[in-house]
Enquirer: 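Mind having a look at this structure? Questions to follow.
Just so it is clear: chains get the letters A, B, ... in the order the sequence lines come, proteins before strands, and each one is counted from 1.
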Amino acid sequence: MTEVHIAAGAGFANDRRELGEIAAQSLTLFQGRRYLIFECLAERTLALAQSADGRRRQIERAISYLEACINTCVRNDIRIISNFGGSAPREVAEAITGFLQQNNLWRKVGYVLGDELPVKVDDHGAGAIARNAYIGARGIVEALAAGADIVVTGRVADPSLVVGPVVHELRLKWSQWDRLAQATLAGHLIECGTQVCGGYFADSGNKTVPGLARPGAPIASISGDHERLILSKPLGGGILTTATVKEQLLYEIHDPACYLTPDVVMDISDVSMHQSRANQVTLTGCRGLPRPDTLKTLTCVDNGWMGEAEISYMGDTSLERAVMAKSILQERLDLIAPEASPHFDIIGAMYDDVTNSQYRPRDVRLRMAAASTDRQDIQLLFDEFEALYLNGPAGGGGIRMTISARTATVEGRVRQHEAVSRGYLLEETL
Amino acid sequence: MTAENLPAEMIPIRYLAHGRAGDKGDRLNISVIAFDDKHFGHLKAHVTEELCLQAFALDPPGSVTRYVLPKIGAMNFVLEGALGGGVNVNLKLDRHGKTLGYVLLDMKIPAPDGWIDRHDFPPALPGV
């Protein structure tokens, strides 16, 4: 019976490039069909990738991920699937082809389209930058069926990067809901890379994790003839235990019985797991329900500017002086910019009731954050903030102020047929 | 006063459970997972939606819903309206709310029966 093994080589856009090579090396220890995925798209990434500069950066990123692992992948016939195509999957696929040819590597490159939607100006005004649907795994399956060794996608749902190869290799039907859910679970658990292998888990006391300077990559193994999903971490530091898997299982989950994806509705409320050996966990009991009629969409909207300013206070009365500085600023802004409503944090006492606490931190920073469509508004607040040096409470120092462009995201839904996931093969790689 | 009449010692949730915070839009979720399944019933009784609201009383979310997963000894708390309008517009220092899991895990609950000393609990992580 066919077995398919999928490793994760990245969990976010700028993950360590070496993880891809660790993942590929780990895959060579498994028999069967082998895939490496890189999950590289955050909510805002597509907005940032609209400019010429952003498009260049997304190409450089895709190639840098491949550079680190391509030789191991080619030598061991490991196929690669990634959403590092960002806002232009075909363009990135072409650039990858160029890179491969320069290195005398002959691999077929495919790409997936269908996520990009026309920007509806009437909805979000002139500021709408990009609108994409979270499409499913069909296009990945089509590209693999056409012979692609590397599949470049844009905004597919993160777990679909794993659903694609599982459906392709195990010849699943698009109505085998439990099997689609199992593949989705595999994708959900590995798409954040090392986060299931002891990354983002360590704490003092009993949550000790060895080898975090070079954690291993997770591998999900699914076979055609049984309902088990096996997760393992054969190489590298970190740990893969029922505890690390449980944290990742519920990560970014709302109702555990109803996790919506474009491919299937996943129900993890009845999942069981056990430690089948060191750094290996076996899961059963994932259920699937028919996929929703609609797909989630995300519209990125230009949303002006955000400014952030901070000032430090030291000593036993640092908290009192930070609170004093905040009051002074608020009084000033009531006079000068009454419409501004900045947010304040006291770093060092974020969740303490500062008016009613015995807690005396010796080192705090007052932080002010504000947003506006007009950069000048932010500058005005910065001028007031900087004046705390000479006009504020005693002993303030270390002011830092930064301004950055802000992109908002607006969620929506479209019907499945309005954004169809389609896979293609780049002709020049045939 | 006999030992039975003494109020139960209060301990932070994190002595008995671990967890992780995740975001989606303006919604934050925090898992609370028993280190040892034998404490799950105790955690379920004490780590309630009300306790979660208390933890975030200084910056209250719109609502809190708890989901229970008995097969893995875990609960999932979903806080709506907890991220200042959503990750990309949130003005708070931690836009994703990733640090907030520990605000809940630091909340105190009564020690379970048989609790002796924190150094006896929780047991070593399974599988290590």
Side-chain angles (χ1 to χ4, degrees), chain A residues 42-44 47 195 200-201 203 205-210 239-257 268-275 277-281 285 300-301 303 306 308 342-343 345 347 350-353 367-371 406-409 411, chain B residues 14-15 18-35 55-59 65 67-78 80 84-96 98-103 105-106 118-119 121-128:
Chain A
E43 280 193 350
R44 282 189 312 160
Q195 258 198 192
Y200 212 67
F201 181 85
D203 195 356
N206 65 326
K207 284 184 85 185
T208 310
V209 179
I239 49 169
L240 192 138
T241 71
T242 53
T244 67
V245 174
K246 285 174 187 177
E247 280 197 21
Q248 192 59 22
L249 179 69
L250 291 171
Y251 181 65
E252 294 181 346
I253 290 279
H254 176 202
D255 178 355
I268 55 167
S269 60
D270 225 20
V271 165
S272 309
M273 66 178 81
H274 69 277
Q275 192 83 39
R277 49 183 285 196
N279 291 310
Q280 186 192 83
V281 169
C300 294
V301 184
N303 199 31
M306 175 162 100
E308 294 173 277
H343 172 84
D345 293 306
I347 301 168
M350 295 276 286
Y351 266 81
D352 290 280
D353 185 351
R367 171 179 179 271
M368 176 186 76
R406 197 161 85 138
T407 305
T409 50
E411 235 185 273
Chain B
R14 64 187 166 78
Y15 285 10
H18 60 106
R20 178 172 292 181
D23 68 281
K24 214 152 246 182
D26 197 19
R27 175 189 300 148
L28 178 74
N29 88 295
I30 302 173
S31 57
V32 175
I33 304 161
F35 282 112
F56 295 99
L58 285 177
D59 185 14
T65 307
Y67 298 91
V68 179
L69 295 96
K71 287 212 171 155
I72 57 166
M75 294 177 278
N76 189 36
F77 289 86
V78 177
E80 298 282 354
V87 175
N88 291 320
V89 294
N90 195 353
L91 292 176
K92 297 170 194 172
L93 178 64
D94 170 18
R95 296 177 184 195
H96 296 82
K98 281 172 174 282
T99 57
L100 299 180
Y102 276 86
V103 175
L105 290 174
D106 270 357
R118 88 155 286 196
H119 299 293
F121 288 86
L125 285 173
V128 180

Enquirer: Decide yes or no for A/Q248 and B/R20: does some side-chain heavy atom of the first lie under 4.5 Å from some side-chain heavy atom of the second?
Expert: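 Heavy-atom side-chain distance check passes, below 4.5 Å.
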
Enquirer: Is there a side-chain contact (heavy atoms from CB on, under 4.5 Å) between A/L250 and B/L69? Walk through the geometry before answering.
Expert: CA-CA 10 Å; A/L250 291 171; B/L69 295 96; 3.9 Å; yes

Enquirer: Determine yes or no for a side-chain-to-main-chain donor-acceptor pair under 3.5 angstrom, with B/N76 supplying the side chain and A/D255 the backbone.
Expert: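 The answer is no, because no donor-acceptor pair under 3.5 Å joins these two groups.
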
Enquirer: Does B/K71 pair with A/D270 as a salt bridge, N-O distance under 4.0 Å?
Expert: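 Counted as a salt bridge, because a side-chain N and a carboxylate O are separated by less than 4.0 Å.
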
Enquirer: To the nearest 0.5 Å, what is the distance between CG on A/D203 and CG on B/L105?
Expert: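 With rounding to 0.5 Å, CG (A/D203) is 9.0 Å from CG (B/L105).
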
Enquirer: Between B/L93, B/V89, B/I33, which has the largest tally of heavy atom pairs under 4.5 Å with chain A?
Expert: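 Greatest number of close heavy-atom pairs with chain A: B/L93.
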
Enquirer: Among the options A/E247, A/H343, A/E252, pick out the one with the most heavy-atom pairs lying under 4.5 Å from chain B.
Expert: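 Most heavy-atom pairs within the cutoff with chain B belong to A/E247.
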
Enquirer: B/L91 and A/R406: which non-hydrogen atoms are nearest, and at how many Å?
Expert: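 Reported closest heavy-atom pair: CD2-NH1, 4.0 Å.
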
Enquirer: With only heavy atoms counted, which part of B/A21 is less than 4.5 Å from chain A, the side chain, the backbone, both or neither?
Expert: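 Contact with chain A involves the backbone of B/A21 alone.
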
Enquirer: Using a cut-off of under 4.5 Å on heavy-atom pairs, state which of A/V281, A/I268, A/D345 scores highest against chain B.
Expert: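 Ranked by heavy-atom pairs under 4.5 Å with chain B, first place is A/D345.
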
Enquirer: Give me each pair satisfying salt bridge (Lys or Arg N to Asp or Glu O under 4.0 Å) with a member in residues 22-34 of chain B, each pair once, sequence neighbours excluded.
Expert: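 Every salt bridge (Lys or Arg N to Asp or Glu O under 4.0 Å) pair that includes a residue of residues 22-34 of chain B, provided the two are not neighbours, is B/R27-B/E80.
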
Enquirer: Ignoring hydrogens and geometry, is there a side-chain-to-backbone donor-acceptor pair from A/K246 to B/I72 under 3.5 Å?
Expert: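 Answer holds: yes.
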
Enquirer: Output all residues satisfying side chain to side chain contact (heavy atoms under 4.5 Å, CB included) with B/V103, sequence neighbours left out; order by chain, then residue number.
Expert: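 With sequence neighbours excluded, B/V103 shows a side chain to side chain contact (heavy atoms under 4.5 Å, CB included) to A/Y351, B/A55, B/F56, B/L100, given in chain and number order.
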
Enquirer: Name the region of A/T407, side chain, backbone, both or neither, that has any atom closer than 4.5 Å to a heavy atom of chain B.
Expert: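 When you check distances to chain B, only backbone atoms of A/T407 fall under 4.5 Å.
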
Enquirer: Are A/I253 and B/Y67 close enough that some pair of their side-chain heavy atoms sits under 4.5 Å apart?
Expert: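 No; the side chains remain at least 4.5 Å from each other.
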
Enquirer: Heavy-atom pairs under 4.5 Å with chain A - which of B/G86, B/S31, B/A74, B/G19 has more of them than the others?
Expert: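 Sorted descending by pairs with chain A, the first entry is B/G19.
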
Enquirer: Using a cut-off of under 4.5 Å on heavy-atom pairs, state which of A/R367, A/H274, A/Q195, A/M306 scores highest against chain B.
Expert: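 So the answer, after comparing A/R367, A/H274, A/Q195, A/M306, is A/R367.
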
Enquirer: Which bit of A/A370 is near chain B, if near means a heavy-atom gap under 4.5 Å: side chain, backbone, both or neither?
Expert: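 For A/A370, backbone heavy atoms alone lie under 4.5 Å from chain B.
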
Enquirer: So do the side chains of B/D59 and A/M350 get within less than 4.5 Å of each other, counting heavy atoms only?
Expert: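 They are not in side-chain contact.
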
Enquirer: Out of A/H254, A/M273, A/E308, return the one with the most heavy atom pairs under 4.5 angstrom to chain B.
Expert: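 Option with the top pair count is A/H254.
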
